[in-house]
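Indexing begins at 1, ligand by ligand and atom by atom, following the structure's order. Numbering of residues begins at 1 and proceeds along the displayed sequence.
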Amino acid sequence: MPRIITKDKLLQLVAQYLGEGKTVAGPAEGSRQLYFTKIKKPEELVLNAAIMPSNTIKEFFFPRCETICTYRHNGKEQIIEDAQPLNAEQIIIGARPCDAASLPILDKVFAWDFQDKFYQDRREKSTVISLACSAADENCFCSSVGLSPDTSSGSDAMLVQVDAGTFEVRVFTDKGEALFAAQTTEADTTGQTASPPPVRFNKDSVAAYLQTHFGDPIFDETSLRCVGCGACTYICPTCHCFDIVDEGGADKGKRVKNWDSCQFSLFTLHASGHNPRKNQAARQYNRIAHKFNIYPQKFGAVLCTGCGNCTRVCSASLGVRPVLEKIGQKGEQERN
Ligand code: SF4
Ligand code: SF4
C-alpha cells in the first residue's frame, strides 16, 4: 500500500530534526537561484520536483574546502591536530535521484587504496531523502546510464509529488524508515514521476570506442568550444578530484583538501614544465574516458549519473552529453 505524507506534516518533521540539533540541508532560494544549502527553518525548503537546483549534494559529503589537520609551534614543540569529525547527524532532503545515485558510485573510490575517513564519516551520519523528478529537460540522460527519474540508488527514502500539498513516501533503508516511522498514512494514491528521457547513446559502445581511440579527433573538434573553466567538474555529482594545500605560515596553519578539476591546464602540469595533457582535447578525452571506460573497469560503475548538469552549466553548452552522443554513434558504426 502506498504511504503518503502531507507537506505540512513533513515540514513539522523537519522542524523536529532541527530542534534535535541535526543538520538539515535542502533546496532553498539563494540570491538568484535554487541552491542546496543548510537551512535554519523548514519554510526555507523549496520542494518543487520540476526545478533543478544549481548545485549538487556532493558538497555535504565531499566539501569544496575541508581542513584535514592544523599545525602550530609551541616553543620547540610542533603540534599537529587532526580535524574533528562531523559531530551532528545530517539529513539531506530534496536531493535529485541522479544526485543521490552518485553516492554509491563515490563510495567505491573513497574506500579504495585509501580509506577517506572524512567522506566515510559524513556518509555514516547522513540520511538522504530524494525527491523524484517530475520533469526532464533536453540535457537529462539518466536512462542512458541505467538510471531513471525515480531511481532508488543512494536514497534512504524518496518523496514523490502527488499534488502541491502531498507526497508519496517510498522508503528504501532502515535509516529512511527511522525518519518516517509512524509519520505517514496509507493511501490508494501514488505520486507522478517524469517519463524517462530518451536513451541518447549506448554506454557499452561508448566504452568500446574510447578503449581503441585514445586522443580521437572528435575531441579536437568538440574541445574548440571549451575554455577550460572547470565548471562542468564542479557541478558534477561524481567528479571527485582534489588537491591538498598547506595554508598559513611557519608558526601555524592548516592542511586543506580543495576541489580540483581535470579541465584546468595546471592539473597535470609537471614541475619541469611538461604537460602530458597539453590541450583541452586531451583533457576532455581524459574526463570522458575516466567516466565511461576506466572507472567502470576498475569499480564496475559508470562515473556519471546522466544528470546533465555539466551541459546546463557550460557557457558553450558542451559538458559530456553532446560528446557522448557523437562517440556513441561512432561506436555503434564500428560494432555493426
Ligand atoms: S566543457 Fe564547458 S564547463 Fe567544462 S571546462 Fe569546457 S567550457 Fe568549462
Ligand atoms: S558528467 Fe555531467 S551528466 Fe555525468 S554526472 Fe557529471 S555533471 Fe552529470
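The residue Arg321 has no part lying near ligand 2, judged by heavy-atom distances below 4.0 Å. Contacts between Arg287 and ligand 2, counted as non-hydrogen atom pairs separated by less than 4.0 Å, involve the side chain only.
For atom 1 (S) of ligand 2, the nearest non-hydrogen atom of the protein is Lys291 CE, 3.5 Å. Among protein heavy atoms, the minimum distance from atom 7 (S) of ligand 1 is reached at Val227 N, 3.4 Å. Shortest contact from atom 8 (Fe) of ligand 1 to any protein heavy atom: Cys229 SG, 2.3 Å. Looking from atom 5 (S) of ligand 2 to the surrounding protein, the closest heavy atom is Thr305 N, 3.3 Å. Atom 2 (Fe) of ligand 1 has as its closest protein heavy atom Cys314 SG, 2.3 Å. The nearest heavy-atom contact from the protein to atom 3 (S) of ligand 2 is Gly308 N, 3.2 Å. Atom 4 (Fe) of ligand 2 has its closest protein heavy atom at Cys304 SG, 2.3 Å.
If you take OH on Tyr71 and CG on Asp251, they are separated by 9.0 Å, rounding to the nearest 0.5 Å.
The minimum heavy-atom distance between Phe264 and Asp260, with the atom names listed, is CD1-OD1, 3.6 Å. Minimum interatomic distance between Tyr35 and Ser54 (heavy atoms only, all atoms of both residues): CD1-OG, 3.4 Å. Across every non-hydrogen atom of Gly319 and Thr311, the tightest pair is CA-OG1, 3.8 Å.
In this structure, Pro237 has a heavy atom closer than 4.0 Å to ligand 2. Judged by the shortest distance from any of its heavy atoms, Ala316 lies outside the 4.0 Å radius around the atoms of ligand 1. Look at Gly230 and you'll find a heavy atom under 4.0 Å from some atom of ligand 1.
Panel note: side chain Ser148, backbone Pro196; no donor-acceptor pair is recorded below 3.5 Å. Without hydrogens or angle criteria, Asn309 side chain to Ile235 main chain gives a donor-acceptor distance under 3.5 Å. Gln90 contributes a side-chain N or O that, together with a main-chain N or O of Phe60, makes up a donor-acceptor pair within less than 3.5 Å. In this structure, the side chain of Asn275 engages the main chain of Ser265 through a donor-acceptor pair within 3.5 Å. A distance-only check finds a donor-acceptor pair linking the side chain of Thr212 to the backbone of Ala208 [under 3.5 Å].
Taking the six-membered ring where tryptophan is involved, the planes of Tyr285 and Phe214 are perpendicular, since the angle between them exceeds 60° and thus also 30°.
Those atoms of ligand 1 that come under 4.0 Å of a heavy atom in Gly228, given as number and element, are 5 (S), 6 (Fe). Shown in contact with Phe141 at under 4.0 Å from a heavy atom are these atoms of ligand 2, numbered in order with element: 3 (S). Per-residue contacts place Cys226 under 4.0 angstrom from the following atoms of ligand 1 (heavy atoms of the residue considered): 1 (S), 5 (S), 6 (Fe), 7 (S). Close approach to Cys310 involves these atoms of ligand 2, each under 4.0 Å from a residue heavy atom: 1 (S), 2 (Fe), 3 (S), 7 (S). Short contacts between ligand 2 and Val320, defined as distances under 4.0 Å to a heavy atom of the residue, involve ligand atoms 1 (S), 2 (Fe). Near Gln284, meaning under 4.0 Å from any of its heavy atoms, are these atoms of ligand 1: 1 (S).
Within the 2.8 Å limit, Cys236 places at least one N, O or S atom next to atom 6 (Fe) of ligand 2.
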Would Phe110 and Phe62 satisfy ring-ring contact (aromatic ring centres under 6.0 Å, His included), going step by step from the backbone distance to the final call? CA-CA 10 Å; Phe110 285 121; Phe62 168 44; 5.5 Å; yes
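For the pair Leu147/Pro97, no side-chain contact is recorded, criterion being any heavy-atom separation below 4.5 Å from C-beta on.
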